[in-house]
Amino acid sequence: MLCTFLLYLLCAIVAAENGSQGWLRYAPVSCEKACQDALPSSVVVLNNNETSPVYVAGQELQRGIQRIFNKTLPVNYGDCAASSIIVGTLGDYNCTHNTPEPDEDGFVLNTTGDTVQLLGQNQRGALYAAFEYLSMLAQGNFSRVAYTSNPHAPIRWVNEWDNMDGSIERGYAGPSIFFANGTVAEDLTRARDYARLLASIRINGIIVNNVNANATLLEARNIDGLRRIADVFRPYGVQIGISLNFASPQDFGGLDTFDSLNPSVVSWWENVTNQIYQRVPDLAGYLVKASSEGQPGPLTYNRTLAEGANVFARALQPHDGILMFRAFVYDNNLNESSWTADRANAAVDYFKPLDGEFEENVIVQIKYGPIDFQVREPASPLFANLNRTNVAIELQVTQEYLGQQCHLVYLPPLWKTVLDFDLQVDGKVSPVRDVIPGKTFNRPLGGWTAVVNVGTNTTWLGSHLAMSNLYAYGRLAWDPIVDSEDILQDWIRLTFGSDQHVLDTITEMSMASWPAYENYTGNLGEQTLTDIIYTHYGPNPASQDNNGWGQWTRADRQGIGMDRTVNNGTGYSGQYPAEVAQLYEDIDTTPDDLLLWFHHVNYTYRLHSGKTVIQHFYDAHYDGAETAHSFVDMWESLRDKIDQERYNDVLARLIYQAGHSIVWRDAITNFYHNLSGIPDEMQRVGHHPWRIEAESMTLSGYEPYAVYPFETASNATAIITSSNSTAGMASTTLSIPSGTYNLAINYYDLHGGESLWTVYRNDDQIGQWTGDTKLGHIPSTYLDGHSATRVTFRDIDLRPGDVLWIVGEPDGTEPAPLDYVALLPGGVVD
Ligand code: GCW
């Protein structure tokens, strides 16, 4: 960079930032002469092997300090020089220190003496210490500290659902950084950058391919590709692992069976495993999704899940590998007409009888809740039911059911509802966070995993703000006691700088984001009311029921909720230890936010809050959408404090989110209003005094269209052009008081075309937009709650008699659809 140091700070503010450095961008920190003089004068690295994490730590320290302070420190490979930063393992460090010996992967960080000591129990720990020290400096924290830091659990992994063709299941940030065209990508530069990010948050393992695994990963060229990936990750102390397809012996190996008890299958897996370890001697292990959602597994041959898992586990044992075996096993053809059928029961039903039958290197990987990454779920009861089996929690950083990175949702407060939940095993305090490292049941192994699904988008997750979730995941896996807001603020300082207003604003938005999302997508434990059959993105509450997937709400005209009591329902509450079972069995002690998870009630049932269920739905949805709108104003107050590139990118997403929160709000409130027939006490639902329905405008070349599901269009109706090639026009003469309005136009952005809309007031063009948002969520080819969106033109002067007209030019299969126009006086959200 050509900036002098004085200009350097300024340059950092204005320079475009594409997010590729994440929280490791090391922006300059103000450091006057005295501060500069106090900085160490060299880096001493206790290992000169270029592929060792300690060596990498030395490079990171040099690079980080160069960027933060514009000072280049020489790196030496000696020992204990005064005024230096010393990084290495405790074993290689010959000078005195008086801090306690850390656990595996742990480290000592000491800045109190005349050297800075960054000493790991192993090489990984040394690298972690270097990142910790750099994180302090990058946040302008020069305090003198001495402490030992230890991991919460040995397993701190991420899962990537990358397919061999380069697509990513539930990925919202572009194609894979690992695979393309059926094989491992040639260029692994981004993979290396990802390894660096992961190491900085102390992640020590990564499963690089989808749990819905393709057996072609086992082709020789791909195993060699895995070697290349492992070589890239190794210097960062991150071991790779792979997902396997259970039927590989048959589908790929040419055997006539994949039965776990067949000796030829057993030796086939041993053989494959040995071959892989020849190429990747430090492979972390395997991840297996078996007998789940159509995937092959041991149940095909009437073998138990443990019999299936143990074949892999035994093949891995000579190599010290671990088998992560997913607990996500359930029947997806359940019959809703049976009052006692319940998908939530499946994990305990399948796995509890097998407790103690898994090999010692098996870890059962359990999603945080019993269904599937919903906006709120009770802690999975399986955590309380496996006493003689290792377990790990599975979280999701990729926001599959939580806005697909197009809605801001800071997830740690959700995760903490599970991690901090006290299962009261045998009447003793036993939060989930104590079960997963093996503490509660005295297990040797266990820990954490999260589905991340980074892609080639420079922001990694498709959204700058979503990266707080990845950062926080790593921090919590190291120490789940740390406060979600403290973690967030470290991330903000590292990502956007230490300006107080920036810090306060992004903190406030992020901390409000999950409650807001819950408010407008799924209340009282009824799950995220998204389309579970299609995109998992926009609203479609009816999709929950009348199918075999078991994510039922059992909503009818009178009431809603799953009766999961032992007394009268599915018996699920009885899967928890006695005290917890009792808590949920009794409707009076069930917390409001899980009421509909555990009980079926009338819409008029009164919550502890005093509101009826239905009025709670209405109020929560209106509150949630208001909060989402407030994010836009908050972010705009940061205009001069954040570089243009990130500022604009985030702003566009927040504006989109605000519009989509109205889509959600209206869809869900209308759906239940229609079903229950109970009016909103505040008379908002179904009353939109500021709206002009597109179908009631004067149309030419446009025609009305009945949208399905009905609740995803205002008045159930939109308009589409009559032909795919000719423009349509919708016009209306305004009869509103003169004034300045925000002009919101709701339309549908379908996959398959980029329509062009132009809006005019009399002879003046107000604005123009295209249906080409590339936000990253799964697109829809229909007019529905996924494609429904809004554009807003602010501060438009309008008078009675003005003619407002919109011209829509269709493109491809997108017929320039319009839903309504809202003329909103300042401050009105609708
Ligand atoms: O939530 C569901 C997802 C699937 C996923 C599955 C799983 C990888 O919709 O896409 O498959 O969970 O976790 O196995």
Side-chain angles (χ1 to χ4, degrees), residues 157-173 176 178-179 206-215 217 241-247 286-297 299 305 308-309 324-334 343-344 346-347 350-351 363-377 380 382 392-405 411 414 448-455 521-522 527-538 540 543-544 547-552 776-778 780 786:
W157 291 14
V158 292
N159 292 178
E160 310 293 331
W161 288 352
D162 294 34
N163 297 314
M164 301 301 295
D165 64 1
S167 62
I168 303 178
E169 183 158 349
R170 314 297 174 191
Y172 312 107
S176 173
F178 298 111
F179 302 100
I206 177 173
I207 300 290
V208 294
N209 67 309
N210 192 353
V211 284
N212 292 330
N214 191 328
L217 180 67
I242 55 174
S243 300
L244 294 177
N245 185 303
F246 200 90
Y286 296 148
L287 170 61
V288 174
K289 169 179 177 179
S291 298
S292 159
E293 300 188 326
Q295 290 295 321
L299 303 185
L305 295 166
M324 303 292 279
F325 194 77
R326 291 179 96 226
F328 191 57
V329 181
Y330 66 98
D331 175 2
N332 59 15
N333 290 300
L334 282 180
R343 168 171 163 184
Y350 276 112
F351 282 85
I363 300 178
V364 173
Q365 179 169 317
I366 307 171
K367 291 189 183 187
Y368 59 82
I371 296 279
D372 194 9
F373 303 134
Q374 300 299 296
V375 71
R376 187 185 291 273
E377 294 189 46
S380 170
L382 190 55
I393 193 167
E394 180 175 322
L395 303 173
Q396 221 186 22
V397 167
T398 192
Q399 295 168 227
E400 176 183 350
Y401 288 92
L402 295 158
Q404 305 189 354
Q405 279 94 291
L411 297 166
L414 158 63
W448 301 70
T449 178
V451 183
V452 181
N453 296 354
V454 294
T521 66
Q527 308 165 86
T528 315
L529 297 177
T530 187
D531 193 325
I532 66 153
I533 311 292
Y534 188 29
T535 64
H536 295 192
Y537 183 60
N540 185 358
S543 73
Q544 313 283 313
N547 58 55
W549 289 98
Q551 294 185 215
W552 307 321
H777 64 80
I778 297 190
S780 170
H786 324 299

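Since we're looking at a predicted model, the values are computed, not measured. Whatever order the structure lists them in is the order used to number ligands and atoms, beginning at 1.
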Exercise. Who passes ring-ring contact (aromatic ring centres under 6.0 Å, His included) against Y350, sequence neighbours left out?
Worked result: none
Problem set entry | Pairing residues for S243 by the side-chain contact (heavy atoms from CB on, under 4.5 Å) criterion, not counting sequence neighbours | I207, N209, V211, A213, L287
For this session: Within a distance under 4.0 Å of any heavy atom of D372, pick out the atoms of ligand 1 and give their elements.
Result: 1 (O), 2 (C), 12 (O)
For this session: Take the angle between the ring planes of F373 and Y368 and call it parallel below 30°, perpendicular above 60°, tilted in between.
Result: tilted
For this session: May I ask you to identify, for N210, whether its side chain, its backbone, both or neither come under 4.0 Å of ligand 1 on a heavy-atom basis?
Result: side chain
Problem set entry | Any donor-acceptor N or O pair under 3.5 Å, side chains N332, E293 | no
Exercise. If you measure only the distance, is there a donor-acceptor pair under 3.5 Å linking the side chains of T535 and D531?
Worked result: no
Seminar exercise, completed: Residue, atom and distance of the protein heavy atom nearest atom 6 (C) of ligand 1 read E293 OE1, 3.2 Å
For this session: Mind listing the closest non-hydrogen atom pair of G538 and T530 along with its distance?
Result: O-OG1, 2.6 Å
Exercise. Is there a nitrogen or oxygen of W161 sitting under 3.5 Å from a nitrogen or oxygen of ligand 1?
Worked result: no
For this session: Over all heavy atoms of both residues, which pair between A215 and N245 is shortest? Give the atoms and the distance, please.
Result: N-CB, 4.1 Å
For this session: Please could you name the atoms of ligand 1 that V211 approaches to less than 4.0 Å, counting only its heavy atoms?
Result: 8 (C), 14 (O)
Exercise. Out of Q399, E394, E400, which one pairs with Q396 under the side-chain hydrogen bond (donor to acceptor under 3.5 Å, both in side chains) rule?
Worked result: E400
Problem set entry | Enumerated ligand 1 atoms positioned under 4.0 Å from heavy atoms of R326 | 7 (C), 13 (O), 14 (O)
Exercise. Of all the heavy atoms in H536, does at least one lie under 4.0 Å from an atom in ligand 1?
Worked result: yes
Seminar exercise, completed: Quick note on ligand 1: atoms under 4.0 Å from a heavy atom of R170 include exactly 3 (C), 4 (C), 9 (O), 10 (O)
Exercise. With respect to atom 13 (O) of ligand 1, which of K367, E169, K289 exhibits the smallest heavy-atom separation?
Worked result: K367
Exercise. In the protein, which heavy atom is nearest to atom 3 (C) of ligand 1, and how far is it?
Worked result: E400 OE2, 3.1 Å
For this session: Would you mind listing which atoms of ligand 1 come within a distance below 4.0 Å of any non-hydrogen atom of F328?
Result: 6 (C), 7 (C), 12 (O), 13 (O), 14 (O)
Exercise. Can you tell me which residue and heavy atom of the protein come closest to atom 8 (C) of ligand 1, and the distance to 0.1 Å?
Worked result: N212 ND2, 3.3 Å
